[in-house]
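Proteins get letters first, then strands, A, B, ... in listed order; numbering begins at 1 in each. In this text the structure is predicted, and so the values were computed from the model without any measurement.
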Number of protein chains: 2
Amino acid sequence: MTNLNAKKPKPAFSKRKRVPSAQAQEYILQAAGELFYKEGIRAVSVDSVVEQAGMNKMTLYRQFSSKDELILAYLDRQSKQFWEEWEASLAKHPHQPRRQIIQLFTDLADKSSVIGYRGCCFSHIATEFPDPEHPARQLVFAHKKAVIQKLVELTKAMNAPDPEILAHSLALWIEGAYAASQTFGADSDTIRMLPVIVEKLLDEAAPH
Amino acid sequence: MTNLNAKKPKPAFSKRKRVPSAQAQEYILQAAGELFYKEGIRAVSVDSVVEQAGMNKMTLYRQFSSKDELILAYLDRQSKQFWEEWEASLAKHPHQPRRQIIQLFTDLADKSSVIGYRGCCFSHIATEFPDPEHPARQLVFAHKKAVIQKLVELTKAMNAPDPEILAHSLALWIEGAYAASQTFGADSDTIRMLPVIVEKLLDEAAPH
DNA sequence: TATCATTGTTACCGATCAGTAACATCCTAA
DNA sequence: TTAGGATGTTACTGATCGGTAACAATGATA
């Protein structure tokens, strides 16, 4: 009752296995990736990340000094994965920028049609963290800027008369697809039309 | 010390003014509108809404049975405002659907360039409430569907050969503009190009 | 074998959250 | 004048949040 400092002996089951910090970090980032994307970043507690990872909260806080830092690590991972998928799309049609662009959108439409798809995790950040000065927002800014830059390279490579305009048009559709996939779910007319309208735009912007 | 049930007499300043419930509701919805949009819905507490409104928490809970219900009322308001602005854009060029569409995007670009603009509050909901069955999500779904429907009406009115395709193309750009304005802020190349690319698309989709 | 940094575990902190009970005060209508 | 419903105010609940202290167990190295 009054013995506030009582130490419970605890059976000390010692079910615990020692996990090297690098692997623990991996588990935690994987769990964070799933939960943040599925449920939203603010909605996911550090405790639930830890539980999903099968780790202990202290283990997390020994790797990441705060939830914010965990979020940054999460975004870093997502960005790497994004560019891997991007390059995978391009690799299907080497040196054919027009077909590469169409492939990007076809793959995007495919991904958007998977149940559980929730759009772009970077856009989620922009919504969930209104302060543009937040470090996570800076990562979002850099990421989206890089996407436009890569699109410009592609539209230049296909000799579009106005590569900037075309690239921004495409970038807006990418963003739109992210949003639409969230609103309308896996079965969306808009998403289904996406590759078609891109092809039409490319035809008109730079006849081949 | 131990007198837990002590009632503090309170000077009873009686600074309180009685406000009829309808007006209280108005104050609360106005405060909720500002805060939800600016800071995000999950990030805004009921207490802060109440404080911003200059009301008391009980006053809020006598009008809205829960925060969720307040959110629904907030969305209802935003939807009404959205359609008012939409109609205002159309009214600038009666019976000229092509110019009406361009006006919609011009006005959208203008709004997106205002400091503090945070994109589409309905898209925020989709991000912040992952459960598609959430009543707020249903409102978002209905709203976005209505937008596409209205766009189809416009593209049909301008005798586009494929009004559905054109309408969805435009809808994707609207969504994209919302997202881009958040990422890049008030000074965005993408947003600046928006009216131009729309005009180009309209020219090519349905020559006038 | 002894050392000691690393890892595992529990219990806790103060803050904040959505929501409510209980009571004080006011205003209107009869 | 009075009764009673509407409104104002305070203080509270139980849950959850991000983050930490303190200590126990472990295992590689010397």
Side-chain angles (χ1 to χ4, degrees), chain A residues 3-28 31-32 35-36 39-74 128-129 134 136, chain B residues 3-28 31-32 35-36 39-74 128-129 134 136:
Chain A
N3 182 6
L4 297 178
N5 286 329
K7 296 293 170 197
K8 303 190 182 167
K10 283 282 155 184
F13 265 108
S14 207
K15 255 299 191 246
R16 54 186 171 182
K17 284 185 199 158
R18 283 178 85 90
V19 172
S21 65
Q23 193 173 347
Q25 184 163 342
E26 177 62 27
Y27 289 156
I28 289 165
L35 292 177
F36 283 165
E39 302 176 18
I41 287 142
R42 297 199 102 107
V44 168
S45 68
V46 172
D47 295 80
S48 55
V49 170
V50 159
E51 189 192 353
Q52 168 93 5
M55 296 285 112
N56 186 275
K57 185 146 69 164
M58 274 311 298
T59 307
L60 186 152
Y61 275 105
R62 278 171 188 144
Q63 307 292 329
F64 308 96
S65 70
S66 65
K67 189 184 180 184
D68 267 7
E69 231 179 61
L70 177 61
I71 293 166
L72 293 181
Y74 156 70
E128 294 209 75
F129 296 86
H134 192 289
Chain B
N3 183 7
L4 298 177
N5 286 329
K7 297 293 172 197
K8 303 190 182 168
K10 284 281 156 186
F13 264 107
S14 206
K15 255 299 193 249
R16 54 185 171 183
K17 284 186 199 158
R18 285 178 85 88
V19 172
S21 65
Q23 193 174 347
Q25 184 163 340
E26 178 61 27
Y27 289 157
I28 289 165
L35 292 176
F36 282 165
E39 302 177 17
I41 288 143
R42 298 198 100 107
V44 168
S45 68
V46 172
D47 295 79
S48 55
V49 170
V50 160
E51 190 192 353
Q52 169 91 4
M55 295 285 114
N56 185 274
K57 185 145 70 163
M58 275 310 299
T59 307
L60 186 151
Y61 276 105
R62 279 170 187 145
Q63 306 292 329
F64 309 97
S65 70
S66 65
K67 189 184 180 185
D68 268 6
E69 230 179 62
L70 177 60
I71 293 167
L72 293 181
Y74 156 69
E128 294 210 74
F129 296 86
H134 191 290

Whole-Å distance separating the [atom1] atom of [X] from the [atom2] atom of [N]:
X     : N      : atom1 : atom2 : value
B/Q23 : D/dT7  : CD    : C1'   : 13 Å
B/N56 : C/dA24 : CG    : P     : 16 Å
B/E51 : C/dC17 : CD    : P     : 11 Å
A/M55 : C/dT10 : CE    : P     : 14 Å
B/L70 : C/dG19 : CG    : C1'   : 13 Å
B/R62 : C/dA22 : CZ    : C1'   : 11 Å
B/E69 : C/dG19 : CD    : P     : 10 Å

Original post:
Would one find a side-chain N or O of A/T59 under 4.0 angstrom from OP1 or OP2 of C/dG8?
Top reply: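 Checking A/T59 against C/dG8: at least one side-chain N or O falls below 4.0 Å of OP1 or OP2.
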Original post:
Hey, what do you get for CD (A/E51) to OG (A/S45), rounding to the nearest 0.5 Å?
Top reply: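 Reported to 0.5 Å precision, the distance equals 8.5 Å.
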Original post:
So how far is it from A/K67 NZ to A/F36 CZ, rounded to the nearest 0.5 Å?
Top reply: 5.5 Å
Original post:
Mind checking what makes ring-ring contact (aromatic ring centres under 6.0 Å, His included) contact with A/F129, not counting sequence neighbours?
Top reply: A/H134
Original post:
Distance-only, no hydrogens or angles: does the B/R42 side chain make a donor-acceptor pair with backbone N or O of A/A43 under 3.5 Å?
Top reply: no
**OP:** Take B/D68 and B/I71 through the test side-chain contact (heavy atoms from CB on, under 4.5 Å) and record every step on the way to the result.
**Re:** CA-CA 5 Å; B/D68 268 6; B/I71 293 167; 3.9 Å; yes
Original post:
Side chain of B/M58: nearest nucleotide among C/dA21, D/dA21, C/dT7?
Top reply: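 From the listed options, C/dA21 comes nearest.
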Original post:
Taking C-beta and beyond as the side chain, do B/T59 and B/V50 meet within less than 4.5 Å on heavy atoms?
Top reply: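 A side-chain contact under 4.5 Å is absent here.
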Could you list the protein-to-nucleotides 15-18 of chain D atom pairs, N/O on both sides, closer than 3.5 Å?
residue, atom, partner, partner atom, Å
D/dG18, OP1, A/K67, NZ, 2.9
D/dG18, OP2, A/V46, N, 2.8

